[in-house]
There are 2 protein chains.
Amino acid sequence: MENKRTDCEAINIDIVEKVRPKMPEMNLLYELSDFFKVMGDGTRIQLLWALEESEMCVGDLAVLLNMTKSAVSHQLKVLRVAKLVRAEKKGKNVYYSLNDHHVKLILEKALEHVCE
Amino acid sequence: MENKRTDCEAINIDIVEKVRPKMPEMNLLYELSDFFKVMGDGTRIQLLWALEESEMCVGDLAVLLNMTKSAVSHQLKVLRVAKLVRAEKKGKNVYYSLNDHHVKLILEKALEHVCE
DNA sequence: TTGACAATTGAACAGTTGTTCAATTATAAT
DNA sequence: ATTATAATTGAACAACTGTTCAATTGTCAA
C-alpha cells in the first residue's frame with residue numbers, strides 16, 4: 001500500500017502512533033500547500049494587495065508594479081486558476097478583482113506574524 | 001531611483017495613484033512572500049501539523065512522514081531558519097516543537113479557505 | 001477594412017527548490 | 001577506545017518557477 005522510503009526505526013512509537021491519525025489526508029495536504037505556494041510570490045502578493053484596494057485592469061497593474069503587461073498577465077492567470085481573483089472584460093480592458101474573502105484575513109494574520 | 005520596466009501607459013491614472021500609497025514597502029513584501037514560501041511545501045506543512053500535536057524528534061518525524069532522516073532534517077532547517085520551529089537536544093535525539101502561535105491560526109484560516 | 005491598443009499565450013531561459021547520496025559530527029553504551 | 005545510533009551537512013541532480021520575448025487574439029476608432 002504505502003511504499004517504504006524511510007531509513008530508520010521509530011524511537012517513540014507511542015508518539016508516532018498518537019500523532020498519525022491526526023495527520024491530514026494527502027488530498028487536503030496538497031490543496032493547503034498549493035494555496036500557500038500561490039501566495040508565496042512577491043508579485044502575486046502585490047497584485048492581491050492592490051486588488052484589495054480597487055479593481056484594476058492589467059495595464060494599470062503593470063504600471064503600478066512597474067512590470068510588463070505580459071508578466072502581470074501570467075501571474076494573474078495563476079491567481080485566476082487558484083480562484084483568488086476574477087476577470088471581467090469591459091471594452092478593450094480586462095478588470096480584475098478579488099474573488100475570495102479569506103485572502104484578506106490570511107494576509108492580515110500573516111502580517112501580524114512577520115511584524116512581531 | 002526606480003528603474004523602469006513597464007511597457008505601457010496607465011489607463012486610469014487616478015486609480016493607480018490612489019492605490020500606490022497603500023502598497024506595502026518592499027521590505028515587508030519580501031517578508032510576507034518568504035513566509036508563504038516556507039508554508040508552500042507539502043513536507044513542511046506536514047511537519048508543522050505533526051508538531052502541533054506533539055514535540056517530536058527527527059527520526060520519529062521521518063517514520064511518520066515516511067521519508068529519510070536527511071530529507072526531514074533539511075526541511076526542519078528551513079522551518080528553523082524561518083523561526084517557525086525550535087530544536088532542543090535531549091541525549092542522542094533532537095526534539096523539535098512549534099515556535100510560533102500564529103502558525104496554527106494561519107493554518108486554520110487557510111484550511112477554511114481550501115475546504116469551502 | 002485598416003490601424004492602434006489591451007491582453008493573452010507559448011517557448012525559452014536562468015534561477016531556485018526538494019530529495020538523494022555519501023560523508024561527517026556528536027552522543028551514548030559496551 | 002570502540003561501536004552504534006541520531007542528526008546534520010554539502011554536493012549533485014532533476015523538477016519547477018518567473019520573466020522575457022515574439023507572436024497572436026480580440027476590441028475599438030477612424
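A quick note: this is a predicted structure, and the numbers were derived from the prediction, not measured. Computation of the quantities below employed the complete heavy-atom set of this structure, encompassing side-chain atoms and omitting hydrogens, waters and symmetry-equivalent molecules. Here is how names work: the chains are called A, B, and so on, in the same order as the sequence lines, proteins then strands, and each is numbered from 1.
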*Identify, between A/Ala87 and B/Gly91, the residue whose nearest nucleotide on DNA chain C lies closer to the 5' end.*
A/Ala87
*asked:* Let me spell it out: for each of A/Lys77 and B/Met67, pick the nucleotide of DNA chain C with the closest heavy atom. Which residue's pick is nearer the 5' end?
replied: A/Lys77
Under 4.0 angstrom between [X] side-chain N/O and [N] OP1 or OP2:
| X | N | value |
| --- | --- | --- |
| B/Ser73 | D/dA7 | no |
| A/Arg44 | D/dG18 | yes |
| B/Asn93 | D/dA7 | yes |

*By nearest nucleotide on DNA chain D, pick out whichever of A/Asp41 and A/Ala10 is the more 5' one.*
A/Ala10
*asked:* I'd like to check, for A/His74, whether its ring lies over the base of C/dT9 with centroids under 5.5 Å apart and a plane angle smaller than 30°.
replied: yes
_As a quick check of understanding, evaluate side chain to side chain contact (heavy atoms under 4.5 Å, CB included) for B/Glu55 and B/Lys90, giving each step before the final call._
CA-CA 12 Å; B/Glu55 76 167 18; B/Lys90 289 181 184 173; 2.8 Å; yes
Could you check how far [atom1] of [X] sits from [atom2] of [N], rounded to whole Å?
| X | N | atom1 | atom2 | result |
| --- | --- | --- | --- | --- |
| A/Met39 | D/dT17 | CE | P | 17 Å |
| B/Lys92 | C/dT24 | NZ | P | 21 Å |
| A/Lys90 | D/dC28 | NZ | P | 14 Å |
| A/Met56 | C/dA6 | CE | C1' | 15 Å |
| A/Tyr96 | C/dT8 | OH | C1' | 8 Å |
| A/Leu79 | C/dT8 | CG | C1' | 15 Å |
| A/Gln75 | D/dT20 | CD | P | 11 Å |
| A/Lys37 | C/dT16 | NZ | C1' | 13 Å |

Starting the side chain at C-beta, find the nucleotide from [options] nearest to [X].
| X | options | result |
| --- | --- | --- |
| A/Ile11 | D/dG18, D/dA6, D/dG26 | D/dA6 |
| B/Ala71 | C/dT19, D/dC28, D/dT20 | C/dT19 |
| B/Cys57 | D/dT20, D/dG18, D/dA7 | D/dA7 |

Below 4.5 Å, heavy atoms only, C-beta onward: do [X] and [Y] meet side chain to side chain?
| X | Y | result |
| --- | --- | --- |
| B/Glu112 | A/His102 | yes |
| B/Glu52 | B/Leu107 | yes |
| A/Asp60 | B/Ile13 | no |

_Candidate list B/Val16, B/Asp14, B/Ile15, test side-chain contact (heavy atoms from CB on, under 4.5 Å), partner A/Ser54, passing option_ = B/Ile15
_Using only modelled atom types and a 3.5 angstrom limit, is any donor from either the side chain of A/Ser70 or the base of D/dC21 paired with an acceptor on the other?_
yes
